Amino acid sequence: MATFRTRISKASERRGGLVLANDYPTSRNLESRTMRNIEALHPFLCAIKLNFHLLLPLGRKEIRNITAAAHRRGLQVIADIKLNDISSTNLAATESLWGMGIDAVIANPIMGPDALKSLVRSAHKKDRGVITLCHMSAPEAKKSYELNVGKTRLYEMFLRWALESRADGIIAGATYPQIIRYCSKNAGDRLDIFSPGVGAQGGSAKDTVAAGARYVIAGRGILGASSPAREARHLQSLAR
């Protein structure tokens with residue numbers, strides 16, 4: 001099997017770099033709603049992202065059904081759980097996710113560089129991916145991710161750790177295009193930038209891609225639109 005980074009790259013070459021954040025505020029009918037989104041929106045997506053609060057109410061069978069449906073439609077599936085623990089716990093968690101068909105996990109590098117390297121090595125042995133937080137899209141992100149750590153900013157240190165661990169990608173919010181530009185300049189093609197915050201949080205897909213993001217993540221702006229397919233098609237055109 002090809003690596004996660006290769007798989008999502010090939011999907012984006014065909015359909016653009018839009019990732020659906022399949023986020024709902026309620027757990028009602030999650031499996032059926034997600035299945036409908038995959039069926040209706042897959043022509044405009046390269047991947048679908050499932051957040052922690054959506055994975056928790058679902059059983060292994062339901063998650064397997066979702067990942068199988070996504071794979072049939074050529075989509076990668078990313079578990080957005082902000083994984084952050086000691087190595088043995090991280091590896092146990094990801095083994096379970098891989099067994100349910102998940103292709104990549106979003107992790108919090110605050111676990112430390114050695115634990116992160118261990119996680120990435122383990123994932124790559126199974127041709128799975130690891131995407132690490134670098135700078136998030138929420139307004140409060142600057143209060144934490146831009147803290148000084150010695151002579152560097154926290155997000156700068158997280159980028160360095162992502163590169164050193166050979167992570168597949170980083171999260172850098174669309175609401176902070178200057179951070180995306182910094183990461184793109186310093187990372188080059190050694191990893192991919194995934195950028196949430198487009199639409200509902202005010203980020204611009206066009207500006208995000210221009211700043212250096214490879215993948216644009218959007219959720220509420222698509223799911224809450226009068227025509228989700230039309231909105232997804234529009235964002236797809238900007239995420240190429």
Side-chain angles (χ1 to χ4, degrees), residues 3-5 8-9 17 19 21 47 49-52 76 78-91 93-94 97 102-124 128-198 201-203 207-217 219:
T3 66
F4 162 72
R5 196 176 177 201
I8 194 170
S9 176
V19 177
K49 182 177 75 70
L50 305 175
N51 214 316
F52 209 169
Q76 293 294 288
I78 301 168
D80 186 1
I81 64 172
K82 313 296 194 297
L83 185 62
N84 168 32
D85 216 306
I86 61 173
S87 287
S88 59
T89 301
N90 293 336
L91 300 185
T94 50
L97 291 170
I102 298 293
D103 296 287
V105 65
I106 295 178
N108 190 334
I110 202 70
M111 68 177 71
D114 291 339
L116 182 57
K117 288 176 182 177
S118 175
L119 175 62
V120 173
R121 282 196 302 269
S122 174
H124 286 179
R128 269 31 181 224
V130 176
I131 302 163
T132 65
L133 299 180
C134 188
H135 195 295
M136 295 178 70
S137 56
E140 285 191 320
K142 64 175 61 178
K143 296 181 180 179
S144 53
Y145 290 89
E146 295 182 32
L147 286 172
N148 288 318
V149 182
K151 295 182 179 181
T152 190
R153 297 287 182 95
L154 187 61
Y155 72 85
E156 295 171 344
M157 185 176 73
F158 282 170
L159 175 62
R160 187 172 71 249
W161 288 0
L163 292 167
E164 291 173 350
S165 68
R166 299 189 177 183
D168 300 272
I170 57 167
I171 296 291
T175 48
Y176 296 90
Q178 72 278 14
I179 304 296
I180 298 174
R181 282 192 290 271
Y182 170 87
C183 293
S184 178
K185 178 181 178 181
N186 286 276
D189 61 359
R190 289 178 287 172
L191 51 71
D192 296 319
I193 299 174
F194 292 74
S195 193
V198 168
Q201 288 186 317
D207 292 346
T208 297
V209 172
R214 176 75 185 272
Y215 301 102
V216 170
I217 302 173

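In this text, all values refer to a predicted model and were calculated from it rather than measured experimentally.
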Is there a side chain to side chain contact (heavy atoms under 4.5 Å, CB included) between Ile171 and Thr132? Walk through the geometry before answering.
CA-CA 6 Å; Ile171 296 291; Thr132 65; over 6 Å; no
With a 3.5 Å cut-off and sequence neighbours excluded, list the donor-acceptor pairs that the side chains of residues 136-149 form with protein atoms.
residue	atom	partner	partner atom	Å
Ser137	OG	Gln201	OE1	2.6
Ser144	OG	Ala141	O	3.3
Glu146	OE2	His135	NE2	2.9
Asn148	OD1	Arg153	NE	3.1

Check residues 190-198 and write down every donor-acceptor pair under 3.5 Å in which the side-chain atom is one partner and the other belongs to a residue at least two apart or another chain.
residue	atom	partner	partner atom	Å
Arg190	NE	Ala187	O	3.2
Arg190	NH2	Asn186	O	2.7
Asp192	OD1	Arg5	NH2	3.2
Asp192	OD2	Arg5	NE	3.0
Ser195	OG	Ala172	O	2.7
Ser195	OG	Ala174	N	2.9

Interatomic distance, CD1@Ile217 vs CD1@Ile78, rounded to 0.5 Å, equals 6.0 Å
Note: Leu119 and Ala107 closest approach over all heavy atoms is CD2-CB, 3.8 Å
Taking all heavy atoms of Gly203 and all of Thr175, pick out the closest pair and write down the distance.
N-CG2, 3.9 Å
side-chain hydrogen bond (donor to acceptor under 3.5 Å, both in side chains) filter on Ser87, not counting sequence neighbours, yields none
Are the side chains of Val130 and Val105 in touch, meaning some heavy atoms are under 4.5 Å apart?
yes
Can you check whether Leu83 reaches Asn108 side chain to side chain, under 4.5 Å on heavy atoms?
no
Please confirm whether the backbone N or O of Ser118 pairs with a side-chain atom of Ser122, one donor and one acceptor, at under 3.5 Å?
no
Look up atom CG in Asp207 and atom CD1 in Ile180, then write down how far apart they are to the nearest 0.5 Å.
9.0 Å
Ser9 vs Arg214 side-chain heavy atoms within contact, under 4.5 Å
yes
If you look at every heavy atom in His124 and Arg166, which pair is closest and at what distance?
CE1-O, 3.2 Å
If the condition is side-chain hydrogen bond (donor to acceptor under 3.5 Å, both in side chains), which residues does Thr89 pass it with, not counting sequence neighbours?
none
Before you tell me yes or no, could you show the steps for Tyr155 and Tyr182 under side chain to side chain contact (heavy atoms under 4.5 Å, CB included), namely the whole-Å CA-CA distance, both residues' side-chain angles and the distance that decides it to 0.1 Å?
CA-CA 10 Å; Tyr155 72 85; Tyr182 170 87; 3.7 Å; yes
Would you check if the side chain of Ser165 reaches a backbone N or O of Ala162 as a donor-acceptor pair within less than 3.5 Å?
yes
Excluding sequence neighbours, so at least two apart, what forms side-chain contact (heavy atoms from CB on, under 4.5 Å) with Val209?
Val216
Any side-chain heavy-atom pair of Ile106 and Ile81 under 4.5 Å
no
Give me the atom names and distance for the closest heavy-atom approach of Cys183 to Leu159.
CA-CD2, 3.8 Å
Enumerate the residue pairs fulfilling salt bridge (Lys or Arg N to Asp or Glu O under 4.0 Å) with a member in residues 78-87, sequence neighbours excluded, ordered by first and then second residue.
Lys49-Asp80, Asp80-Lys82
How close do Phe4 and Arg128 get, heavy atom to heavy atom, and via which atoms?
CB-C, 3.9 Å
What heavy-atom pair brings Ile8 and Tyr215 nearest, and what distance separates the two atoms?
CG2-OH, 3.4 Å
